[in-house]
Amino acid sequence: MKAIQITEPSVMKVIDIPEPQMGDDDVLLKMKYVGFCGSDLNTFRGGNPMVKMPVVPGHEVGAEIVKIGKNVPEGLKPGMTVTVNPYTNCGKCASCRNDRVNACEHNQTLGVQRWGAMCEYLVLPWEKVIPAGLLTPRTCALIEPMSVGFHAVSRAQVTDIDVVMVIGCGMVGMGAVVRAAQRGATVIAADIDDEKLTLAKQMGASYVVNTKTEDVHARLLEMTSGFGPDVVIEAVGSTPTYQMAVDEVAFTGRVVCIGYAKTEVSFQTKYFVQKELDIRGSRNAQPSDFRAVIHYLERGTCPVDRLISNEVIPEGATAAMEQWAANPGKVFRILVHFG
């Protein structure tokens, strides 16, 4: 079967690999759409230390069930449109013991620590297959990245009395904007791209700030009556945005970090103490976050077409990734259509 493989930095090609074999507890999926995410871009650029090349990337999936094993529950049937939970969990580590399986110490994500979903067929244990209701496979490819943003809002314990600043309005950040707005919070979206900020307002942000062209500190004080945001969600993964999160969050606020900074970050650690901050990591997503995103997308209010920057067939994937690598701030999602 056809698959996309990253063999070395900046080298991607279409290869032929054997079709996967399934067991009694497995589900055979036909890939319809698979999205490239930021971790795939980092792999393509040679900057993802968790990946061992060559690798088949991809974990943002819109698929159809082809066949089920004899032990698979009745809720999963051939012909159903589904997405997948692309993470593993060992069941034995501290995270799993605390029912936070999304942060499993030994997690292996599709397309990162193990070969991913950029292929025609995929076999997974039935527990990792998530029915997507009436959503199309194309829309399903947006569920996983948005669920990561939804999970960050849960980690921040956002309520309707909070002012929440989301730094970074890519797909994950947009998920955080949506979920914080759903919880009744006042949302401030921050990014360097005005087009993304305009879309963030459509998706629930009350205010926007361009961190490249505006005085961020002055604007935040203006928006928050001088207090600063109660919650800052960092969804970029860079030294300046990590520092901005700590500097700008209100006293006794919460900072939630999603992005991985690529280099070491220096902080004014006095703010940790003076502000009595809660600084929390947010990794992957829980099954409940997937369900919440599906529920949101089923309403039909999400501007799905604006979140999809490009659709390509497998043979067009290299050119699409080269364009993204040249201008990473302008792309939401690239989807590969496997037919």
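Values in this document were obtained by computation on a predicted structure and should not be read as measured data. Heavy-atom basis, side chains included; hydrogens, waters and symmetry copies ignored.
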Report task. Sequence neighbours left out, what passes side chain to side chain contact (heavy atoms under 4.5 Å, CB included) with E127? Give chain and number order. Result -> P125

Query - R280 and D278 ion-paired at < 4.0 Å - result: yes

Query raised in the report: For P20 and L28, which heavy atoms make the closest approach, and how far apart are they?
Result: CG-CD1, 4.3 Å

Requested in this report: Identify whether NZ of Lys or CZ of Arg in K2 sits under 6.0 Å from the centre of the six-membered ring of F338 and within 45° of that ring's axis.
Outcome: no

Query raised in the report: Which heavy atom in V208 sits nearest to a heavy atom in E214, and how many Å separate them?
Result: O-OE2, 4.4 Å

Query raised in the report: Looking at R138 and E311, does any basic side-chain N land under 4.0 Å from a carboxylate oxygen?
Result: yes

Query raised in the report: Is there a donor-acceptor contact under 3.5 Å linking the side chains of R100 and Q286?
Result: no

Query raised in the report: Where does the angle between the aromatic ring planes of Y296 and F150 fall among parallel (under 30°), tilted (30 to 60°) and perpendicular (over 60°)?
Result: tilted

Report task. Specify the closest pair of heavy atoms between A3 and I17, including all atoms of both residues, with the distance to one decimal. Result -> CB-CD1, 3.7 Å

Requested in this report: Please identify each residue that fulfils side chain to side chain contact (heavy atoms under 4.5 Å, CB included) with A117, with sequence neighbours left out.
Outcome: M31, V34, V61, L122

Requested in this report: Please report the closest heavy-atom contact between R254 and Q157, naming both atoms and the distance.
Outcome: NH2-O, 3.2 Å

Report task. Taking all heavy atoms of S154 and all of R183, pick out the closest pair and write down the distance. Result -> OG-NH2, 3.2 Å

Query raised in the report: Quick check: are there more than 12 heavy atoms from other residues, nucleotides or ligands sitting under 6.0 Å from OH of Y207?
Result: no

**Report entry** side chain to side chain contact (heavy atoms under 4.5 Å, CB included) partners for A250, two or more places apart
**Finding:** none

